[in-house]
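Given the structure is predicted, the values throughout are model-derived calculations rather than measurements.
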Amino acid sequence: MMESERLRWLRKNQSKLRVGKYHNLNEYNSNGETHGSNTGKRVVLPSSYVGSRRYMDQLYFDGMVICNYVGFPDLFITFTCNPNWPEIQRLLGSIHLKASDRPDIISRVFKMKFDELLSDLTKKSLLGKVLAYMYTIEFQKRGLPHAHILSFLHPSNKYPTPSDIDRIISAGIPDQDTNEELYNLVKTHMIHGPCGFANRSSPCMKDGKCSKYFPKQFQPKTIVDQDGFPVYRRRDNGHTVLKNGIQVDNRNVVPYNAKLLTKYQAHINMEWCNQSTSIKYLFKYINKGYDRITAAIVPNDDGTSNQPQNIDEIKQYIDCRYVSPSEASWRIFSFPIHGRKLAVERLYFHCEGQNSVYYTDFDRINTVLEKPSVTESMFTSWFEANCKYPEAQNLTYSKFVSKFVYVKKKREWKPRQKGYTIGRLIWVPPTTGELYYLRLMLTHVKGPRSYNDIKTVNNVKYDTFRDACFAMGFIGDDREFIAAIKKANHWGSGQYLRLLFVHMLLSGSINRPRQVWSKTCHLLADGILYAQQRIANNRGIIFPIL
């Protein structure tokens, strides 16, 4: 009900809010267009709404900036709520209720356990000093909450070799005689399935095989495969457990950390992930958003109507979405569903006269243009700060926020007194033209005081940002398109890269498409091998290297 009311408010009020470019509003006013209702574009489900598609996309980009700043994440931890925790059973036992009957208790206890786990990892450095972290809280279809945590460790505390990985991650059943407590915990929480031939009705079974590739193969020592994924040590030592009447061995063990499993007594899957090839898929996984199904009732193709349907992002967000009792309790308690450290400041920029102006349906254009703030923005205030503070002249736009903070009420930058923030330039595609070339220049230019300063290279002022980029050597011989694909590869999937390449071809702006292909074909092929392996359900398929 609370979420429905927030969405209802957005639906009822978004038609009153419009956004347009300052330059365009001047043209509308000059042409006699005086009412705001006839200009601008509708603002739909915004990135400020927690859980929206835009919100998740921004978190993904923020995560990639943190990765670019501190390096690749080292550990990926999944922590799942245990409804049999003593704290839960102690409260429910006296009133003869099940854990599913009190989602409020489930949420509160899991929040306390998760906070303690995060404290162990970040403040107490249980697995090493943590430079940065990210987490997402999700909810299983049966209602139990679980957390995905990415941990970035200090260089002195990393685990670069297979022997180092074995010190913190285990994928085996411990000896029952020497460590009975850990043996029972692994048996209860860290055994997958059973599935496969022993249990074909398991939820993980698809087309007669386990979708998680269990049972794994015995492995005498830990290795890292060519795709950057670890293959953990699974000894054939005869250790077994009886799970649901079926005898299973080390091939069915989900990787875990013995210290965390002993303390929290819940399903805690730990994975090593310090490889560039697997990073963007991890970030996409933890920021994928809510699970749902999509269904539509469409008329028969009788040619009665070919009118395109209006896109309703609020309807797309809420359709077929299931909110479990635990998730509802979590949202009612206002517990966070995402968190990160370090902080990321999203830096917007625009060409001259193209800053965004917000106004309502009933505003008159000339009244909007008379506001003193209409010509100002965070970006133009950066120019003023570079004139005012000498130390700012040695910083690029993305580095600037590490030393200064933007005061929105006063529309000016002030020196930062405390804390640390990473700056992220909003990504724009090459098809945006001058805006794309402006972004390229902003990654290099330090302390400009105007747009002309950005266009100046070696004391020569160029007419366009593209010409300035050419003088800097950023573009030429289709290098900007190759660079765009390589830059997008840091965060985009293989499917996105291929779609981007097709758009480049259709735009007709690439001079030598074959050269662009030869330089980026190994990136454009990303994900094809994995998809074919999934289709064939065979990890052994290998394609020749391009």
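- A heavy-atom distance below 4.5 Å is found between the side chains of K388 and K414.
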- side-chain contact (heavy atoms from CB on, under 4.5 Å) between W413 and M378: does it pass, once the steps are laid out? CA-CA 8 Å; W413 291 90; M378 178 188 290; 3.3 Å; yes
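- You'll find the side chain of F383 stays beyond 4.5 Å of the side chain of D453, heavy atoms only.
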- Message: Please evaluate residues S377 and H350 with respect to the criterion side-chain contact (heavy atoms from CB on, under 4.5 Å), reporting the C-alpha separation (whole Å), side-chain torsions for both, the decisive distance (0.1 Å), and the verdict.
- Response: CA-CA 9 Å; S377 67; H350 54 81; 2.7 Å; yes
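- The closest side-chain heavy-atom distance from K111 to F333 is not below 4.5 Å.
- To the nearest 0.5 angstrom, Q354 atom CD is 11.5 Å from L438 atom CG.
- For the residue pair L505 and P513, the shortest heavy atom distance occurs at CD2-CB, 3.6 Å.
- Rounding to the nearest 0.5 Å places CD1 of I426 at 12.0 Å from CG of L442.
- Relative orientation of the H148 and F76 rings is parallel, given thresholds of 30° and 60° on the angle between their planes.
- By the salt bridge (charged side-chain N to carboxylate O under 4.0 Å, His left out) test, K486 is found to be paired with no residue, residues two or more places apart in sequence or in another chain being considered.
- Heavy atoms from other residues, nucleotides or ligands lying under 6.0 Å from NZ of K487 number 12 at most.
- Closest heavy-atom contact between R346 and L59: NH2-N, 4.2 Å.
- Under the 4.5 Å side-chain criterion, counting only non-hydrogen atoms from C-beta, P155 is in contact with L131.
- In this structure, S119 contributes its side chain and D115 its backbone to no donor-acceptor pair below 3.5 Å.
- Between G63 and M134, the closest heavy-atom pair is CA-SD, 3.4 Å.
- A donor-acceptor pair under 3.5 Å links the side-chain atoms of S381 to the main chain of R411, judged by distance alone.
- Distance alone, capped at 3.5 Å, places no donor-acceptor pair between the T520 side chain and the L523 backbone.
- Qualifying salt bridge (charged side-chain N to carboxylate O under 4.0 Å, His left out) partners for R416, counting only residues two or more places apart in sequence or in other chains: none.
- Using a 4.5 Å cut-off on side-chain heavy atoms (C-beta onward), P429 and W427 make contact.
- Note that the CZ atom of R534 and the CG atom of L529 stand 13.0 Å from one another [nearest 0.5 Å].
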- Query: Yes or no on side-chain contact (heavy atoms from CB on, under 4.5 Å) for D74 and L127, after CA distance, side-chain angles and deciding distance?
  - Reply: CA-CA 11 Å; D74 298 275; L127 300 173; over 6 Å; no
- Derivation and outcome, side-chain contact (heavy atoms from CB on, under 4.5 Å), residues S329 and F335: CA-CA 9 Å; S329 299; F335 293 154; over 6 Å; no
Side chains of residues 390-410: which donor-acceptor partners sit under 3.5 Å, not counting sequence neighbours?
unit_1 : atom_1 : unit_2 : atom_2 : d
Q393   : NE2    : N386   : O      : 3.2
Y397   : OH     : Y348   : O      : 3.2
S402   : OG     : K399   : O      : 2.5

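- Between V428 and Y436, the shortest heavy-atom contact is O-CD1, 3.5 Å.
- For the pair N68 and H490, the minimum side-chain heavy-atom distance is 4.5 Å or more.
- In this structure a side-chain-to-backbone donor-acceptor pair under 3.5 Å is present from N157 to K129.
- For the atom pair CG of N489 and OH of Y496, the computed distance is 12.0 Å after rounding to the nearest 0.5 Å.
- Using the six-membered ring where Trp is involved, W517 and F501 have ring planes that are tilted, between 30° and 60° apart.
- Side chain of W272 to main chain of Y159: a donor-acceptor pair is present (N/O by atom type, distance under 3.5 Å, no hydrogens or angles).
- Not one N or O on the side chain of T136 forms a donor-acceptor pair closer than 3.5 Å with the backbone of H338.
- Between F470 and Y437, the distance separating the two ring centers is not shorter than 6.0 angstrom.
- Aromatic ring pairs are classed by plane angle as parallel below 30°, tilted from 30° to 60° and perpendicular above 60°; the pair W330 and F110 is tilted.
- Looking at every heavy atom in both residues, M441 comes nearest to I454 through CE-O, 3.2 Å.
- With sequence neighbours excluded, no residue forms a salt bridge (charged side-chain N to carboxylate O under 4.0 Å, His left out) with E271.
- Atom CZ of F474 is separated from atom CD of E480 by 12.5 Å, given to the nearest 0.5 angstrom.
- The side-chain contact (heavy atoms from CB on, under 4.5 Å) with Y133 is formed by just one residue from the set L121, L118, L150, L153; it is L118.
- R498 meets the salt bridge (charged side-chain N to carboxylate O under 4.0 Å, His left out) test with no other residue; sequence neighbours excluded.
- Residue-environment remark: NE2 (H444) stays at or below the threshold of 12 foreign heavy atoms within 6.0 Å.
- For residues 419-445, the pairs satisfying salt bridge (Lys or Arg N to Asp or Glu O under 4.0 Å) are D62-R424, with sequence neighbours left out.
- Closest of all the heavy-atom pairs between V65 and G423 is CG1-O, 3.9 Å.
- For the atom pair F152 CZ and R340 CZ, the distance stands at 11.5 Å (nearest 0.5 Å).
- Residues L117 and Y135 form no side-chain contact, since every pair of their non-hydrogen atoms from C-beta on lies 4.5 Å or further apart.
- By the 4.5 Å heavy-atom criterion applied to side chains, Y69 and L342 are counted as neighbours.
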